[in-house]
Amino acid sequence: MRAPIPEPEIGDLIEIFRPFYRHWAIYVGDGYVVHLAPPSEVAGAGAASVMSALTNRAVVKKELLYDVAGRDKYQVNNKHDNKYTPLPPSKIVKRAEELVGQEVLYKLTSENCEHFVNELRYGVARSDQVRDFVLAAGVAGVGLAAMGLVGVMFSRNKQQKH
């Protein structure tokens, strides 16, 4: 049996490990988190970011962390505390709860669940997940381009020898 996960502190960022991506929520106390979900999201369904991306819309929801995480692992990850000063917990909760029930624009690259929670905690909307994906895609693209160039040069070399 796993050791119990300690109760997060109010204002903590919660990183939920979904298959293929990370979902983010912000802890607001008493076992609840505020997070972005597609308008028809069933708590813990796991397709939140994918469905929101398809619809370009998300709803701010307050739900039990246990239900949002479902069977997926999660952790507290206040990874930008060394770069940005977190807002006071009472202000984080107030801002988060004022948004509950609102439908908001959702874009994978600029307005996703990670941007949302970072904006609430630090007042700065940012997503390392997007940055890391763009960097990986860029590196992969450069690698593929280099392989294509080598392939073209190799085939030209073969043609010149015949």
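The closest side-chain heavy-atom distance from V104 to F116 is not below 4.5 Å. Under the 4.5 Å side-chain criterion, counting only non-hydrogen atoms from C-beta, P19 is in contact with D72. Side-chain atoms of L99 and V34, non-hydrogen and from C-beta on, never get closer than 4.5 Å to each other.
The main-chain N or O of H23 is never found under 3.5 Å from a side-chain atom of R18 such that the two would form a donor-acceptor pair.
Within the model, atoms CG of L65 and OH of Y74 stand 4.5 Å from one another, a figure rounded to the nearest 0.5 Å. Atom CD of Q75 sits about 9.0 Å away from atom CD1 of I14, to the nearest 0.5 Å. Between N78 atom CG and E9 atom CD the span is 8.5 Å, to the nearest 0.5 Å. In this structure, the separation between CG on N77 and CG on L13 is 7.0 Å, given to the nearest 0.5 Å. With rounding to the nearest 0.5 angstrom, the CD1 atom of I92 is 12.0 Å from the CD atom of E97. To the nearest 0.5 Å, atom CD1 of residue I26 and atom NE2 of residue H35 are 12.5 Å apart.
Annotation for A96 and V60: closest pair O-CG1, 4.4 Å, computed over non-hydrogen atoms. Y27 and P8 make their closest contact through CE2-O, 3.3 Å (heavy atoms, listed as atom of the first residue, atom of the second, distance). Here the closest heavy-atom approach between residue L120 and residue R95 is recorded as O-NH1, 3.2 Å. Across all non-hydrogen atoms, the minimal contact from A58 to L36 is CB-CB, 4.1 Å. A pairwise comparison of heavy atoms in L87 and G123 identifies CD1-N, 4.1 Å as the closest pair. Of all the heavy atoms in E7 and G31, the pair that sits closest is OE2-N, 3.6 Å.
Note: H80 and Y122 have perpendicular aromatic rings, judged against thresholds of 30 and 60 degrees for the angle between ring planes.
V100 and Y66 are assigned to two separate hydrophobic clusters, defined by single-linkage of ILVMFWY side chains at heavy-atom distances under 4.5 Å.
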Open item on the list: Using the rule given for side-chain contact (heavy atoms from CB on, under 4.5 Å), can you reason through R121 versus D12, listing the C-alpha separation, both sets of side-chain angles and the distance that settles it, and then say yes or no?
Closed with: CA-CA 8 Å; R121 182 170 175 85; D12 277 345; 4.1 Å; yes

- [ ] May I have the step-by-step check of side-chain contact (heavy atoms from CB on, under 4.5 Å) for F17 and R22, ending in yes or no?
- [x] CA-CA 5 Å; F17 297 90; R22 307 284 188 266; 3.1 Å; yes

Task: side-chain contact (heavy atoms from CB on, under 4.5 Å) between N118 and Y84, intermediate numbers included - done: CA-CA 10 Å; N118 280 316; Y84 306 111; over 6 Å; no

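Taking the ring axis of Y32 as reference, the NZ or CZ atom of K62 stays within 45° of it and closer than 6.0 Å to the ring centre.
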